[in-house]
Number of protein chains: 2
Amino acid sequence: MTEYLEILHRSPLFRGIEAKELSALLDCMGARPRRIKKGDTVLAAGERATHLGIVLAGRVQVSRLKADGQRIVMGEIRPGQLFAESFACAQAEALPVTAIAGADGAVLLLDSGRLSAPCSAACAFHGRLISNLLSVLAHKNLALAGKVEILSGRTIRERLLAYLEDLCLKAGKNTVTVPFDRQALADYLCVDRSALSRAIGQLREEGVLEVDRGKFTLKQL
Amino acid sequence: MTEYLEILHRSPLFRGIEAKELSALLDCMGARPRRIKKGDTVLAAGERATHLGIVLAGRVQVSRLKADGQRIVMGEIRPGQLFAESFACAQAEALPVTAIAGADGAVLLLDSGRLSAPCSAACAFHGRLISNLLSVLAHKNLALAGKVEILSGRTIRERLLAYLEDLCLKAGKNTVTVPFDRQALADYLCVDRSALSRAIGQLREEGVLEVDRGKFTLKQL
DNA sequence: CCTCACTTGTTGTAACTGCAACATTGGGAG
DNA sequence: CTCCCAATGTTGCAGTTACAACAAGTGAGG
């Protein structure tokens, strides 16, 4: 656990909580890190949504499977970030999404009940924790709204460019590495993979885009 | 204000707070109801996101205008429900959405700073308020995820049916009244209005759907 | 070096969409 | 009742997409 304290301390969930206090807090909540290997299912759709997850190392991909077999990739979670927290906080009956490890690493699963229930030992930080969680949920909301904006594009071209521009804006440069392979990127944009390939090819031919594996460079911004 | 206390008391934000305490709480936060007329701009895009809104009567439509002029209708807010709360809680620089009254009514705007800052008089209920807000944000997240699922449909037909099935599921019957006119429904589904009309016509001809103005009946579920 | 599995790119085609322009409908004001 | 206007439906068309099937590229392991 010790090796991950630094990551946890930087997590938005524990902002403002001292490292030594953090350790006690985690003990109190019975948190144990769990190692994951690429491809492992961290949380499966259908489970009761009792726990929220924090990525300690590696990355976790959250996706949803529709009845017709279509997959929607909701996003990729990086170290320090949370996943499944909305479902846990909303006390959803069944988890509608699946979380899969995108690389070897580790996660921490926290019982949301224990997180929000008053705990005699750690009550001093409890308010802070809830307040942080509020902020995390709010930002997650903004991210989701951003995803809606991407999906509002009516052509693959529009959606891809909206996504890449968003990434570039956040990265502060015009070259970004997409954390998905082509199929996952297509599922993230909710389009067909081969059609996405065609759109990428066109954009490259037009000189709008430069592509090298997962590295995209926007030539004009 | 008194006329709206009942609505507020039933709002998820004030769950578990007694009616008489509620009144004091509102005073303490300096909340004043504001009457709105159909078409009024309640919150404008670009404003600092300092306040969250609660609909007291009527309805409020939240939409976002893209750079290319395309409008995205995010949703319709009904009495007791909140809007713009994510932006307020995330302390967003500028509001990315616009809130417009869809009918005559009234709203309450609450300063999110005052909501989360400790208040000597109402501190007893403060924790409750934050906890409720957490739940509201979590549920809003689920709603947004639902919208993403709707937008993941690759044809207008799929999106419309996903939306209507969702409404029917929530209503518990197979006849629902859509709170949008055709243009707003198209903007909600992020498709062209005339193409939406065409899709509705096809579904009706096939006997899948019965339509009367804004009233849709799913013949087969 | 080769094989094999997996990822990515390519292409033809039918179907669907966005767009624009126009027809129709329905309800409110006078 | 009639007029008027906004909402809704209709249609032709060019462009885009999903789908399927296949080709090319890539990397790990023997």
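Just so it is clear, the values below take in all heavy atoms, side chains as well, and ignore hydrogens, waters and symmetry mates. Convention: sequence-line order gives letters A, B, ...; per-chain numbering from 1.
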Return yes if some donor-acceptor pair links the side-chain N/O of B:Arg204 with the main-chain N/O of B:Ala199 below 3.5 Å, else return no.
-> no

Any donor-acceptor pair under 3.5 Å linking the side chain of B:Arg64 with the backbone of B:Ile72?
-> no

Residue pair A:Arg157/A:Arg213 against DNA chain D: nearer the 5' end by closest nucleotide is A:Arg157

Whole-Å distance separating the CD1 atom of A:Ile156 from the P atom of C:dG9 = 13 Å

Which is true for A:Asp181 with a 4.0 Å heavy-atom rule: it touches a base, it touches only sugar-phosphate, or it touches nothing?
-> sugar-phosphate

State whether the side chain of B:Ser11 and the backbone N or O of B:Gly80 hold a donor-acceptor pair below 3.5 Å, judged by distance alone.
-> yes

Report yes or no: does A:His51 contribute a side-chain atom to a donor-acceptor pair with the main-chain N or O of A:Leu108 at less than 3.5 Å?
-> no

Side-chain H-bond candidate by donor/acceptor type, B:Lys140 with B:Ser86, under 3.5 Å = no

Candidates C:dG18, C:dA21, C:dT8 - which lies nearest the side chain of B:Arg193 | C:dA21

Does A:Arg198 reach the main-chain N or O of A:Arg193 with its side chain, forming a donor-acceptor pair under 3.5 Å?
-> no

Chain B contact limits on DNA chain D, taken 5' to 3' with a cut-off of 4.0 angstrom to heavy atoms | D:dT8 to D:dC19

5'-most by nearest nucleotide on DNA chain D - A:Arg154 or A:Ser194 | A:Arg154

So what's the dot-bracket for DNA chain C: Watson-Crick or G-U pairs under 3.5 Å, [ ] if a pair crosses, | if it pairs off-strand?
-> ||||||||||||||||||||||||||||||

Length of the line joining A:Asp187:CG and C:dT8:C1', which is rounded to integer Å = 14 Å

Calculate the interatomic distance between B:Asp212 atom CG and C:dT25 atom P; express it in whole Å.
-> 15 Å

Should we count NZ of B:Lys215 as having more than 12 external heavy atoms under 6.0 Å?
-> no

Interatomic distance, A:Lys215 NZ vs C:dT8 P [rounded to whole Å] | 16 Å

Partner of B:Asp187 under side chain to side chain donor-acceptor pair (under 3.5 Å), picked from B:Gln61, B:Gln70, B:Arg71, is B:Arg71

In residues 195-202 of chain B, which residues come under 4.0 Å of DNA chain D by heavy atom?
-> B:Ser197, B:Arg198

A:Asp192 CG to C:dG12 P, straight-line distance once rounded to whole Å = 16 Å

Between A:Ile36 and A:Ala101 the two heavy atoms that sit nearest each other are CD1-CB, 3.7 Å

Under 3.5 Å, side chain of B:Asn174 to main-chain N/O of B:Thr217, donor-acceptor pair present?
-> no

Report yes or no: does B:His139 contribute a side-chain atom to a donor-acceptor pair with the main-chain N or O of A:Cys89 at less than 3.5 Å?
-> no

